2 protein chains.
Amino acid sequence: MTDAGLTLRERKKLRTRHALVDEALRLFTEKGFAAATLDELVEAVEVSQRTFFRMFASKEDVALAPEKELWAAYSARVEAHPPGPSPLPDYVAALRAAVEEMADGWEARFLTSRALCDRTPALVAHSLRHCADVTDRVVALGLAPGQSELERRLLIELFLTAWRWALARWAEDGAPDRAALRSRMDDAFAALPDLAPLLSAAPRHEEARRGVHA
Amino acid sequence: MTDAGLTLRERKKLRTRHALVDEALRLFTEKGFAAATLDELVEAVEVSQRTFFRMFASKEDVALAPEKELWAAYSARVEAHPPGPSPLPDYVAALRAAVEEMADGWEARFLTSRALCDRTPALVAHSLRHCADVTDRVVALGLAPGQSELERRLLIELFLTAWRWALARWAEDGAPDRAALRSRMDDAFAALPDLAPLLSAAPRHEEARRGVHA
DNA sequence: ACGCTTATGCCGGTGACTGGCACTATCTCT
DNA sequence: AGAGATAGTGCCAGTCACCGGCATAAGCGT
């Protein structure tokens, strides 16, 4: 599946790319993201810095490679099947499918990347922005003329928050394999309908104004 | 209000801080965030780079100063009045109050900062992370033992998405003053209850699984 | 085997950020 | 008011991410 009809050049490139990701995750985990230098990384993989920067946009980029892979697959899914008027289930389905189509061993790299992210503010920032970029592209997809874009954004944010919650539970789990991730996703997404009653008690203007002058 | 019982040292420090923010916004807007160098900035304000970095954590930090100010005020409000079992109106009220207590001229700086942010990916990343940091601190506040943290996070994300929506509308508005911002906030937060019916149609497992094997 | 494309390496430069240390301005206490 | 404590500031030198340009080599189609 990895080398399906690829030319030798492309395969070589992919190989060094994977080597860079693996070594980066190892190195960053061992020494910390800030303390580890790119020189160490590229020397370990035996490529030049220039090559690194042609494959990755930044030091953060390589650390978040597994996550970007996932969102790329998700993006492709959503573009292939643009969501209908009730998009939430479609988003969820696309993400589930994306998780399933990741290569073998992806979950281990992803987990390492997440752990790194949790203790590295710079990585959090990049992760959030990438997610926001994907969201921006996805929101516009299959949006009927009369439909509200705000509504879409709200639903997507709920979906993302549930996903992040599932991730956090998964990471602190004893068995961080793909089945466990699926199960955490089930739990998190199942909680979404329970939110409805809390929204009908949404702020009316009188209450809000009272807060202003408090 | 600005110089309320502050020592001379503190007032001086605040003055250079404000000068740095103003000049930074001017410079970044004129030349672009990446193209403008810190040397230009500190030379214009006549301070050393070292001083700059004692006041701001990074180049991004100074560009997002108005936003950080707002979230600091918001944070303080929420900490002063921890939200009850239906936290959404409390969050909204806290943000409205925070907007009102900003100093004169804040909205102009904030708008400039937002415009800059919109065309500078690095600023988006930092902005999102800061917001996430605030969220993390706020979620735990006033959370009763039996209450679900996930539920809180979901509500806060809705709240934040509505806020960002209000900001975007405000920015493209003809009159970006504080009254207009209030009005946009009203509109955006009023849309939240409409989301409830869309949640009852949340994903069931069968639908989701179908997507997986598609 | 031959050009053509593409990836890579090397080199030098820029600019954000940091630690150390001396210096000066402000504060505080008597 | 003056002396010592307490910041805040400037200067300098260093590290490191990142990006041009150009030469080289490795893979590709004919």
Side-chain angles (χ1 to χ4, degrees), chain A residues 3-21 23-25 27-28 30-65 116 120-127 129, chain B residues 3-21 23-25 27-28 30-65 116 120-127 129:
Chain A
D3 303 11
L6 289 176
T7 165
L8 173 58
R9 244 202 311 237
E10 293 168 318
R11 261 178 291 149
K12 271 193 158 183
K13 201 175 173 180
L14 264 193
R15 210 165 344 176
T16 58
R17 191 193 153 84
H18 288 149
L20 278 169
V21 171
E23 181 62 20
L25 290 177
L27 207 92
F28 293 165
E30 185 191 321
K31 309 189 61 171
F33 179 76
T37 71
L38 283 183
D39 280 338
E40 293 176 280
L41 171 57
V42 298
E43 196 197 0
V45 186
E46 296 187 288
V47 293
S48 73
Q49 263 210 21
R50 203 72 190 80
T51 300
F52 173 88
F53 279 108
R54 273 193 274 263
M55 292 185 168
F56 301 96
S58 66
K59 192 184 178 187
E60 288 83 22
D61 202 26
V62 65
L64 295 174
L116 214 44
T120 314
L123 289 180
V124 175
H126 271 68
S127 169
R129 181 170 70 81
Chain B
D3 303 10
L6 289 176
T7 165
L8 174 59
R9 251 210 297 246
E10 293 167 320
R11 262 178 290 148
K12 271 192 160 181
K13 201 175 172 180
L14 264 194
R15 210 165 347 181
T16 57
R17 191 193 154 87
H18 288 149
L20 278 169
V21 171
E23 180 62 20
L25 290 176
L27 214 107
F28 293 166
E30 186 192 320
K31 310 190 58 172
F33 179 76
T37 72
L38 283 183
D39 280 338
E40 293 176 278
L41 172 57
V42 298
E43 195 197 1
V45 185
E46 297 186 289
V47 292
S48 72
Q49 263 210 23
R50 203 70 191 78
T51 300
F52 173 87
F53 279 109
R54 283 198 196 89
M55 293 187 167
F56 301 96
S58 66
K59 192 184 178 187
E60 288 82 23
D61 202 25
V62 67
L64 296 173
L116 214 45
T120 315
L123 289 181
V124 176
H126 271 68
S127 168
R129 180 170 71 80

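If you're wondering where the values come from, they're calculated on a predicted model, not measured in any experiment. In what follows, every chain begins at residue 1, and chains take the letters A, B, ... in the order their sequences are listed.
One interatomic measurement links the two molecules: CG of D61(B) to P of dA16(C), which rounds to 14 Å at whole-angstrom precision. Between K12(A) atom NZ and dG27(D) atom C1' there is a gap of 8 Å when expressed in whole angstrom units. Per the geometry, CZ belonging to F53(A) stands 18 Å off P belonging to dT14(C), to the nearest Å. L41(A) has its CG atom 12 Å from the P atom of dC18(D), to the nearest Å. If you measure from atom CD of E10(A) to atom C1' of dA26(D), you get 14 Å, rounded to the nearest angstrom. Here the P atom of nucleotide dA17(D) and the CZ atom of F52(A) are 9 Å apart, to the nearest Å. Regarding L38(A), its CG atom lies at a distance of 10 Å from the P atom of dC16(D), rounded to whole Å. Distance CZ (F33(B)) to C1' (dG15(C)): 12 Å, rounded to an integer number of Å.
A donor-acceptor pair under 3.5 Å is absent between the side-chain atoms of S127(A) and the main chain of L123(A), judged by distance alone. Side-chain atoms of E23(A) never come within 3.5 Å of backbone atoms of L20(A) as a donor-acceptor pair (strictly under, hydrogens ignored).
In the set dG10(D), dC19(D), dA7(C), the nucleotide with an atom closest to the side chain of K13(A) is dA7(C). Nearest nucleotide to the side chain of R9(B), out of dA26(D), dT26(C), dC17(C): dT26(C). Side-chain proximity of K59(B) to the nucleotides dT5(C), dA16(C), dT8(C) is greatest for dA16(C). Among dC10(C), dA16(C), dT6(D), the nucleotide with an atom closest to any side-chain atom of R50(A) is dC10(C). Which of dT9(D), dT26(C), dG10(D) sits closest to the side chain of M55(B) comes down to dT9(D). Comparing dC18(D), dG15(C), dC16(D) by their closest approach to the side chain of T37(B) singles out dG15(C).
At a cut-off of 3.5 angstrom, the base of dG10(D) holds at least one donor-acceptor pair with the side chain of R54(B).
Counting non-hydrogen atoms under 4.0 angstrom, E46(B) reaches the backbone sugars and phosphates but no base. Counting non-hydrogen atoms under 4.0 angstrom, A36(A) reaches the backbone sugars and phosphates but no base.
Contact of the T120(A) side chain with the F28(A) side chain is not registered, since no non-hydrogen atoms from C-beta on lie closer than 4.5 Å.
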Is there a side-chain contact (heavy atoms from CB on, under 4.5 Å) between S58(A) and H126(A)? Walk through the geometry before answering. CA-CA 10 Å; S58(A) 66; H126(A) 271 68; 4.1 Å; yes

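Here T51(A) does not reach the OP1 or OP2 of dA7(C): none of its side-chain N or O atoms lies under 4.0 Å away.
Closest heavy-atom contact between L41(A) and L27(A): N-CD2, 4.2 Å.
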